[in-house]
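Atom set for the values below is all heavy atoms of this structure, side chains included, hydrogens, waters and symmetry mates excluded. Every value quoted in this text rests on a predicted model; they were computed, and no experiment measured them.
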Amino acid sequence: MRHIGFWLVVTAGATPVVAQAPATPAQLAEARTLVGATVATKQTLVLADVPRPVGPSRALFNGRDLGGWHAWLGYPDPAVTYRDQPGVPPIGTSRATTGDFAVKAIDGRPALWVKGETWGALVHDADLRDYHLRLHYRWGEKRWAPRVGQPPNNGLLYHTHGAPGAVFGTWQPSVEFEIMKGSTGMAVAVGRDVRIRTTAALDPALVSPPVRFRLGGAPVEIVNGSLIWNVENARDAEKAEGEWNTLDLYVLGDRAVHVVNGVPVMMVDGLATVDAAGQRTPLTHGHVQLQSEGAETWFRDITVEPIDRLPKVVVKE
């Protein structure tokens, strides 16, 4: 999910291409007050002391049907999703979703197919805590308005809680492991009640917010509706479009590590919800959602196994 930014239409030959514009001077100035003026330099991060499972592995996708998953759809026209007054109610569960989510064969194996045209999510029934989740995904060919020409976008949302459609009529409050070309592994607060802590440094080349995860960087809190509503991954570790990627999500209580194709790209802690009175409650468990957000996407081999500690993340010298 990435809904704030500035977009430019440029021309490469005869094909229009949409490119993201860097953050504005005002946004850069605000970011400097939060993370300092030091610009993020490249860090090569690696996993160490990876935890062994402390119980049996469980498949969240059975390879036959959508058993264990239930669908929720946002608005008929996704272009109204981020408006204060969309003017229509979300679709929710009022129509069949067999044309939005299905099990189909690709590359000789069954996979969970997300069409992407209507925004929404598949939510798994299991309430999960202290786990290692692994899945494989690859992009399909289709892109849908209003994101045609933008980077393909989706997401693995975890610690899901609250009411269906509570966030922009389309998703449930949660923490997001972003799946977007160039930004896979980014951390996003999905919902105004969600809080995420991490460490970051300035990256002026990014769209707003111009901050990137950095091990040992300045502490920041991710808050939807503020400048820091997401923090970019440490680096782009996604494979070329059309290839299968592996995501590993390690979660222990209110902490998590995002790993893309074996490369750790994000560490978060202090996951919490904040109520209207400002009372902070640790966010330590919840469901997972697979987003539908404008790009055809395939998922397979979705498994979870219990863990009792997180892997360590270190800088490779």
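- Between the side chains of Asn233 and Asp236, no donor N or O sits under 3.5 Å from an acceptor N or O.
- In this structure, Asn230 contributes its side chain and Ala187 its backbone to no donor-acceptor pair below 3.5 Å.
- A side-chain donor from one of Glu238 and Trp139 sits under 3.5 Å from a side-chain acceptor of the other.
- Considering only heavy atoms from C-beta on, Thr184 comes within 4.5 Å of Leu247 through its side chain.
- Of the candidates His287, His258, Glu176, Tyr158 forms a side chain to side chain contact (heavy atoms under 4.5 Å, CB included) with just one, namely His258.
- Among the candidates Leu60, Leu156, Asn154, the single residue satisfying the side chain to side chain contact (heavy atoms under 4.5 Å, CB included) test with Phe299 is Asn154.
- Contacts classified as salt bridge (charged side-chain N to carboxylate O under 4.0 Å, His left out) and involving residues 93-108 (residues at least two apart or in different chains) are given here: Arg95-Asp100, Asp107-Arg138.
- Without hydrogens or angle criteria, Thr38 side chain to Gly36 main chain gives no donor-acceptor distance under 3.5 Å.
- Atoms CZ and CD, from Phe177 and Gln289 in turn, are 15.5 Å apart once rounded to the nearest 0.5 Å.
- Separation of the His136 and Phe61 ring centroids does not fall under the 6.0 Å cut-off.
- Membership of the apolar cluster around Trp244 extends to Ile106, Trp113, Trp298, as traced through chained side-chain contacts below 4.5 Å between ILVMFWY residues.
- Residues His124 and Leu122 are not in side-chain contact: their nearest non-hydrogen atoms beyond the backbone lie 4.5 Å or more apart.
- Although no hydrogens or angles enter the test, the distance criterion places a donor-acceptor pair under 3.5 Å between the side chain of Glu296 and the main chain of Lys142.
- None of Leu271, Leu283, Val175 except one satisfies the side chain to side chain contact (heavy atoms under 4.5 Å, CB included) rule with Asp254; the exception is Leu271.
- Atom CZ in Phe101 sits 8.5 Å away from atom CG in Leu290 (nearest 0.5 Å).
- Taking Ile, Leu, Val, Met, Phe, Trp and Tyr as members and joining any whose side-chain heavy atoms lie under 4.5 Å apart, directly or through other members, the hydrophobic cluster of Val46 also contains Val314.
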